[in-house]
Visitor: 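Below you'll find the structure I mean.
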Amino acid sequence: MARGKLRIHLGAAPGVGKTYAMLAEAHRRVERGTDCVVAFVEHHGRPRTEVLMHGLEQVPRRELEYRGGVFPEMDLDAVLARRPQVALVDELAHTNVPGSRNAKRWQDVEELLAAGIDVVSTVNIQHLESLGDVVESITGVRQQETVPDEVVRRADQVELVDMTPEALRRRMAHGNIYRPDRIDAALSNHFRPGNLTALRELALLWVADRADAYLTRYRSEHRVSKIWGSRERIVVGLTGGPEGRTLIRRGARLAEKGAGGEVLAVYIARSDGLTSASPKELVLQRTLVEDLGGTFHHVVGDDIPAALLAFARGVNATQIVLGSSRRKTWQYVFGPGVGATVARESGPDLDVHIVTHDEVARGRGLPVARGARLGRSRRVWGWITGVAGPPLLAALLNAVDLGLANDMLLFLALTVAAALLGGLLPALASAAVGSLLLNYFYTPPLHRWTIADPKNIVAIVIFVAVGVAVASVVDLAARRTHQAARLRAESEILSFLAGNVLRGETGLEDLLERVRETFGMESAALLERASDVEPWTCAGRVGRGHPVDRPDQADVDMPVGDHMALALTGRVLPAEDRRVLAAFAAQAAVVLDRRRLREEADRARTLAEGNRIRTALLAAVSHDLRTPLAGIKAAVTSLRSEDVEWSEEDRAELLAGIEEGADRLDHLVGNLLDMSRLQTGTVTPLIREIDLDEVVPMALGGVPEGSACLDVPETLPMVAVDPGLLERAMANLVENAVKYSPPGAPVLVAGSALADRVEVRVVDRGPGVPDEAKERIFEPFQRHGDAPRGAGVGLGLAVARGFAEAMGGTLEAEDTPGGGLTMVLTLRAAGTRPEHRPAAEPERQAS
């Protein structure tokens, strides 16, 4: 069965028109004859949105009971049984009511897609999981309902529903989004112009990045090499010289002029040693470009201009920034230089900026290694000098009589020149041709291949030997220089690899991307298998192109042990590159092992914490729970005794003791159960907007009358909380404060508003807690100071903090001025859409 397609309408904030756009799309599809149903759409009482739901088939909702209320949810089974072509599912990040098949609505959508049903859905940018911290820093509110980014990125279409902050605030003021009693609070909190502008920028940038990723994939699949200037990307070419920082800053300024500009600094290391970079300078330049928001890249290329242009076209760059050459004027006889070559070959779609700097024409800071393996042009000139040079020299010497000694020196000089240019073989050819010509033209008897004087034979033999020796030395020096340059390039790469590890860049995907980028490959993957008979599985993959399932399908495979291999596609690497590739492969295996060890350590830590909790729980059961049970048992035994005639006063006292022990036991068991729920992550708060004076007074019912006083103004804003959890948390805080307060000093429970937060302070005048113990008192099974064993199992504050964090709040301890301890419970003020459905974070646990 073909998987269904997902289309998402993405917005920056509630009210921009996502649901309206989704319903309009549904009407268009119905008019085209598409079988489209409304699986779950919430119109929030907005008339225009509600009107659009008319004419569309709606699948009846499923109603679930939770904590005394009835909540509608999407009936997933009914939608699957109906099997429409398209299903409308609103609010992708919604958390389902406990009792549903899946915890999250996006999981319901995944089932619909797997069944071959197309889905159209909506989501706000603040509900993306990766943006939680950013959104909290903007709005001051931590989103409880989130959806994994990968779910949205896998969507076949993502349509941005946009609206300016001014227009959205007008819609709010006109009552088109929230009911009238919530408009003022919303406009002064979540819907402030700065908040809306920042959220809108997040949405625009997220959609732009996704469009850019799609464009990159399209260009790769269709092998488009021509640059499309859809976005300003500035590539800054670095040589490792001191001018690099100037170039990076110039590139950053160019990027700022264009919307969404991006800076990519690239250093190309050539294996022939023609680049001489300062490692310290490269580290400084890397730090600078990352501080300016760009990225640093390290690429290996034998031809610097070609490698630079290939990199620029590969990332779809629009501009290249290069520095003016540091070479002296006389050095231009060796070629036009990198800048001129790049400018000549860049083509009309890639602009090249040559930036002047203080190091222009001052020469390179380090000597340039010239003795790499001889290039093709040098070998050609060497053969021309070695083969054609002796006849031409002979023709010149026939016209001038210089004597045999001078003739031999000239031929020897020609042999040395051939050795310097072309190496060993051209020099041998020059020595052979030159010796024959010396014998024929200049050694008596002339014009014959014989030598009359034995001294001349010795001279010619010495001539040949000197030529061969010089050629051998030149060739050996070239090979040694090449080897040194190659090792230097490898050491640079390995030093960058080690630097990445030290900087904490130990992600497997990051390392594979570094491998792919360094060797100029299309994709890189780490494959592994459990045994020789098991199939290969992919532990990590980056890049584009057709993925490989086995190492033998790749262009390059590097084994790592018996059951792991690094597979690269794109081109065949030379054998000399495999040594560096082996280092990358070994590091990839280490990173993978480290990641798995970290996961195992996390699991072990969780198990250890569970064991600690269980051990403490057994200790609590063995003593703290036994004490009230023993009291109840003794009182009941006494009452049932037939040997004693109890008076009414005695019977009342025993019954009161039984009731007190049962209440105490109920309280202890309740805290134990609450702590267990927090530790297992099963606390699912039902968030709704309430006034504090509806809940806080009920929390004081468990303490003696007169031991606590309440100061909660009616003017406080409403808070977004779970009333049940808030009551339990407040009850624990008040009971704990009353326990440690001296007689005649009632506990004060006061409320106040601060920005978009509401604080509830529980103030006592007890002995207080030192600073070093303020966090420890929130740990489970902790009793501060000399509290007696019968004072409880030490879970009250741990449960209170766990409940506070589950509702998106915080609980901290402060000193009371004049002595004592103040518990500060900070809650979210109601300024956004009410979360009348559970918004659980299973991973959130008590401290």
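This one's a predicted model, so the numbers in the text were calculated from it and none came from an experiment.
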Visitor: Do side-chain atoms of Asp149 reach the backbone of Ser130 as a donor and acceptor pair under 3.5 angstrom?
Guide: yes

Visitor: Donor-acceptor pair, distance only, cut-off 3.5 Å: does the side chain of Asn96 make one with the backbone of Asn102?
Guide: yes

Visitor: Do the side chains of Val824 and Thr822 get nearer than 4.5 Å, heavy atoms only?
Guide: yes

Visitor: Under a 3.5 Å distance rule, please check whether His43 uses its side chain to pair with a backbone N or O of Gly45 as donor and acceptor.
Guide: yes

Visitor: How many angstroms lie between atom CH2 of Trp646 and atom CZ of Arg651, to the nearest 0.5 angstrom?
Guide: 10.0 Å

Visitor: Taking all atoms of both residues into account, what is the closest heavy-atom pair of Leu733 and Ala800, and its distance?
Guide: CD2-CB, 4.0 Å

Visitor: Any sub-3.5 Å donor-acceptor pair from Glu145's side-chain atoms to Thr95's backbone N or O?
Guide: yes

Visitor: If only atom types and distance count, is the side chain of Asp691 paired as donor or acceptor with the main-chain N or O of Glu694 below 3.5 Å?
Guide: no

Visitor: Quick one: is the NZ or CZ of Arg728 closer than 6.0 Å to the six-membered ring centre of Phe803, and within 45° of its axis?
Guide: no

Visitor: Is it true that, when you exclude Glu714 itself, more than 12 heavy atoms of the residues, nucleotides or ligands shown sit nearer than 6.0 Å to its CD?
Guide: no

Visitor: Can you establish whether the number of heavy atoms outside Glu599 located under 6.0 Å from its atom CD is more than 12?
Guide: yes

Visitor: Check the orientation of Phe40 and His94. Use parallel for under 30°, tilted for 30 to 60°, and perpendicular for over 60°.
Guide: parallel

Visitor: Are Val123 and Glu91 packed together at the side-chain level, in the sense that at least one heavy-atom pair is separated by less than 4.5 angstrom?
Guide: no

